[in-house]
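So the structure is just underneath, and the comments pick up after that.
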Amino acid sequence: GDIQHVKVRDLPSHVHKEYIGPSNTWGPRMKNRLLEYKEDYIDEGSFVPVKQVMVGVFFMSYLVGLPAELRHLRHEEEMKRQGGHH
């Protein structure tokens with residue numbers, strides 16, 4: 001199915017049918033995806049997996065550090081409002 005020709009109200013069922021499917025097919029489909037990935041990138045000696053891991057680690061560390069950074073910024077703004085020094 002081409003997703004460009006799907007009406008908005010049909011989108012959830014289309015996504016479920018095309019990409020999610022019944023839960024008993026998840027295992028074999030994941031295995032196929034991993035095998036395809038291995039053939040496409042790992043067996044070719046491609047640098048793509050290294051870049052994907054680097055980007056993944058960057059985003060994960062950004063998301064993990066974000067709450068602490070936001071807390072810090074809120075605290076700093078609170079101090080400025082109260083006229084205190086950090």
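Just the heavy atoms: all of them, side chains too, but no hydrogens, waters or symmetry mates, feed the values below. Everything numeric here is computed off the predicted structure, so don't read it as measured data.
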Would you compute the distance between atom OH of Y62 and atom CG of L66 and round it to the nearest 0.5 angstrom?
5.0 Å
Closer than 4.0 angstrom, basic N to acidic O: yes or no for R81 and E78?
yes
Quick one: pull up CD in Q52 and OG in S46 and give me the separation to the nearest 0.5 Å.
8.0 Å
Is there a path from W26 to M30 through hydrophobic residues (I, L, V, M, F, W, Y) whose side chains come within less than 4.5 Å of each other?
no
Note: E44 and E39 closest approach over all heavy atoms is CG-O, 3.6 Å
For a side chain to side chain donor-acceptor pair (under 3.5 Å) check, start with the C-alpha distance between E36 and Y41, then their side-chain angles and the critical distance, and finish with the verdict.
CA-CA 8 Å; E36 288 170 12; Y41 298 113; over 6 Å; no
Residue that, paired with K38, satisfies side chain to side chain contact (heavy atoms under 4.5 Å, CB included) out of D40, L34, I42
I42
Decide side-chain contact (heavy atoms from CB on, under 4.5 Å) for E76 and H72; before the verdict, give the C-alpha distance in whole Å, the side-chain angles of both, and the deciding distance to 0.1 Å.
CA-CA 6 Å; E76 210 170 68; H72 175 71; 3.5 Å; yes
